[in-house]
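The structure under discussion appears below in the form of C-alpha cells.
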Amino acid sequence: MIASQWLSRISHLPQNGLQKIANLFLALTVISVPLQLSAFEFTVADVQTVIDNDSRPFSGSIVISDNTTRYVNYQAGIGITPDSLFMIGSISKTVTATLVLQAVDQKKLTLTDNISDYLDIIPEHPVTISQLLNHTSGITPPTPPSLNAGSQFMPASQFRYSNYGYKLLGDILVKLYQQPYAQLVNQFAVKNQLDINADTGSIEQLHTQQSRLVNGYTEQQQQRTQLTDFTIDNGFIAFGGMQASSAGVVKFINGLHQGQFLSATSYQAMTHASTIRQHRWGDTGYGYGLQISQQAGLVEYSHSGYIPGYISLMLYYPQSQLTVVILENTSWDLDNIDRVFGLHDKIRQAVRKQLTTYE
C-alpha cells in the first residue's frame, strides 16, 4: 500500500485511534533507531595509554567510529598517514565471502552447490560452497599432476581454518565471471567507492603500483626487518592479499552491515554462526567470512589478519553501529602470541567495556 492510500484510511479514525497509532509509530521509531554513543568516550589518549603500556611498539593506523562520530583516528610510524595502504591479510576473506554471496543473490550459484561443479578437482568427499565459506570443508590441495584433493575430516563435522578453501572460492568466482579474481575485487571496490585494492606482483611491484602502500616489516627474535621477498598472486588475493586504508576497511564494514552489498537473506546467512571456532577470546561462532560473538549480551562481528609484514583487526558492533579497525605494518614474532595480538585485544576489551556499560 502506498503512503497516500494509508493516510486516506487512517484519516477517518477517531482522535483516540489516531493517538494510539501515533504512539505506536513513536515506539517503533525508538526501536529502529540505533543506539547513539553519547556515553562512549574512548579517545586517542586512551589508545595512546594502551600502546604505552603494551609490551611492543605500534606502527600503523587505528580508527574507531560510528555513523556520526569518529572517536579515534590515530596513526603512528614512519611515513604512515590516514591515507596509507596496508595489506589487510585475512580481512580479505570477508570481502571474498561478500562477493560469493553477491553471486548467490544474482542466482549464479547456490550455497549447497558442490564445488566440483565449478572446479577441476576431485574432493575425497563432496564439498559445498557453504563449507568453504565457514571453514568446515576439511579439504586439502591435490598434489600435481593429480586432481584428487585430500580431506582432513568429513565435511561439516568440524571447523578447521583454511586459506586454501578461500583460494578455491576465488577460483569459483573466476570461473563464473570469466575474469581474474583481482579484477573482480577492484571492480567491486570502484563500484562502491572503497579504498580497497587487489594488485598482484612482487612487493617491489606493489609499491610501484601503489605509492601509498607502506613498507611491511617482519620480526624474528625481536629484530624488525623490512619485507622484501614477497609476492601476491590472484589466489592469495582471495584469502589474504588485498590492500586497503583504514578508512577503506571502515567503509566496507559499514556498507556490509548496513545493507549496501547483500540481500537480507544473504546477510543473515553470513552473520549466522554455523560453526564454532576455538579462539583466544574463547569459543567464537563463525558464519561466512565473519567471526560472531555474543558474549556478555554484546553482538560482535569480527575478523583478523596476519601475513608477512602486516597484521589487522576489524570489529563491528551492530547495536551501536560502532566500527573498530586496526592495521599494522609489522608481523610480530609468532613465538609469543600474547605479544603479537595483545595490543589489539586490549583495545577490543576497552571498547567492549564501554559498550557493555550502557548497551
Side-chain angles (χ1 to χ4, degrees), residues 47 57-65 70 72-96 98-99 166 170 180-219 224-256 289 303-316 323-332 343-344:
V47 168
F58 176 82
S59 176
S61 179
I62 301 172
V63 174
I64 301 175
S65 65
R70 180 158 290 187
V72 171
N73 189 6
Y74 177 93
Q75 287 80 37
I78 297 173
I80 293 178
T81 71
D83 292 329
S84 291
L85 296 177
F86 299 75
M87 298 285 187
I88 59 174
S90 287
I91 291 175
S92 305
K93 290 182 174 69
T94 313
V95 178
T96 295
T98 301
L99 295 183
Y166 268 74
Y181 187 64
Q183 187 172 332
L184 293 174
V185 173
N186 287 329
Q187 288 173 353
F188 170 73
V190 169
K191 177 182 178 181
N192 295 287
Q193 298 182 318
L194 302 173
D195 195 13
I196 295 175
N197 299 286
D199 291 331
T200 59
S202 69
I203 193 69
E204 182 179 357
Q205 290 170 325
L206 292 175
H207 282 298
T208 300
Q209 295 171 56
Q210 294 288 348
S211 60
R212 293 184 294 138
L213 179 64
V214 298
N215 290 326
Y217 295 85
T218 60
E219 184 197 47
R224 193 166 173 257
T225 304
Q226 185 172 332
L227 181 70
T228 57
D229 184 16
F230 192 62
T231 299
I232 301 290
D233 61 17
N234 269 277
F236 198 173
I237 289 291
F239 64 83
M242 297 179 198
Q243 310 102 43
S245 65
S246 52
V249 179
V250 168
K251 189 172 181 180
F252 166 69
I253 295 170
N254 289 342
L256 174 63
H303 216 291
S304 57
Y306 183 105
I307 61 172
Y310 305 87
I311 59 176
S312 56
L313 175 68
M314 66 175 189
L315 306 166
Y316 183 76
T323 301
V324 180
V325 172
I326 304 174
L327 304 179
E328 291 193 73
N329 66 328
T330 304
S331 54
W332 305 99
L343 189 148
H344 295 195

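Only heavy atoms go into these numbers, but all of them, side chains included; no hydrogens, no water, no symmetry mates. Treat the numbers as computed from the prediction; the structure is a model and nothing was measured.
In terms of modelled atom types and a separation under 3.5 Å, the side chain of Gln75 and the main chain of Asp83 share no donor-acceptor contact. Formation of a donor-acceptor pair under 3.5 Å by the Ser90 side chain with backbone atoms of Gly305 is not found in this model. No donor-acceptor distance shorter than 3.5 angstrom exists from the side chain of Asn192 to the backbone of Leu194, with no hydrogens or angles considered. Judged by distance alone, with hydrogens and angles left aside, the side-chain atoms of Ser202 form a donor-acceptor pair with the main-chain N or O of Gln205 at under 3.5 Å. Not one N or O on the side chain of Lys251 forms a donor-acceptor pair closer than 3.5 Å with the backbone of Asp195.
Here the CG-CG distance, from Asn197 to Asn186, works out to 6.0 Å after rounding to the nearest 0.5 Å. Taken to the nearest 0.5 Å, the CG atom of Asn215 stands 9.5 Å off from the CD1 atom of Ile78. The distance from atom CG of Leu315 to atom NE2 of His344, rounded to the nearest 0.5 Å, is 10.0 Å. The line from CD1 of Ile232 to CD1 of Ile203 is 7.0 Å long, rounded to the nearest 0.5 Å.
What you find for Ser84 and Gly79 is that their closest heavy atoms are OG-O, 3.6 Å. In this structure, Gly248 and Ile196 approach most closely via the heavy-atom pair O-CD1, 4.0 Å. Val325 approaches Ile253 most closely through the heavy-atom pair CG2-CD1, 3.8 Å. Across every non-hydrogen atom of Ser92 and Ile88, the tightest pair is OG-CG1, 3.6 Å. The two residues Gln243 and Ile237 make their nearest non-hydrogen contact at NE2-CD1, 4.3 Å. Looking at every heavy atom in both residues, Val214 comes nearest to Ile80 through CG1-CG1, 3.9 Å.
Just one residue in the list Ile311, Ile307, Leu327 forms a side chain to side chain contact (heavy atoms under 4.5 Å, CB included) with Met87, and that residue is Ile307. A side chain to side chain contact (heavy atoms under 4.5 Å, CB included) with Ser61 is found for exactly one of Ser312, Ser246, Ser245, namely Ser246.
At least one side-chain heavy atom of Thr98 sits under 4.5 Å from a side-chain heavy atom of Phe188. Looking at Val324 and Ile64, their side chains come closer than 4.5 Å, going by heavy atoms from C-beta outward. A 4.5 Å side-chain heavy-atom check between Leu313 and Glu328 finds every atom pair outside the cut-off. For the pair Met314 and Thr323, the minimum side-chain heavy-atom distance is 4.5 Å or more.
In this model, a donor atom of one side chain and an acceptor atom of the other lie less than 3.5 Å apart for Arg224 and Thr330. For the residue pair Asn329/Ser59, the side-chain donor-acceptor check at 3.5 Å is satisfied. With hydrogens and angles left out, the side-chain atoms of Tyr181 and Thr96 include a donor and acceptor closer than 3.5 Å.
Environment of CD in Gln226: crowded, with over 12 heavy atoms of neighbouring residues, nucleotides or ligands closer than 6.0 Å.
The aromatic ring centroids of Tyr310 and Phe230 lie 6.0 Å or more from each other.
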Determine whether Phe86 and Val249 satisfy the following criterion, side chain to side chain contact (heavy atoms under 4.5 Å, CB included), listing intermediate values before the conclusion. CA-CA 10 Å; Phe86 299 75; Val249 179; over 6 Å; no
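The aromatic rings of Phe58 and Tyr74 lie tilted to each other, with the angle between the two planes from 30° to 60°.
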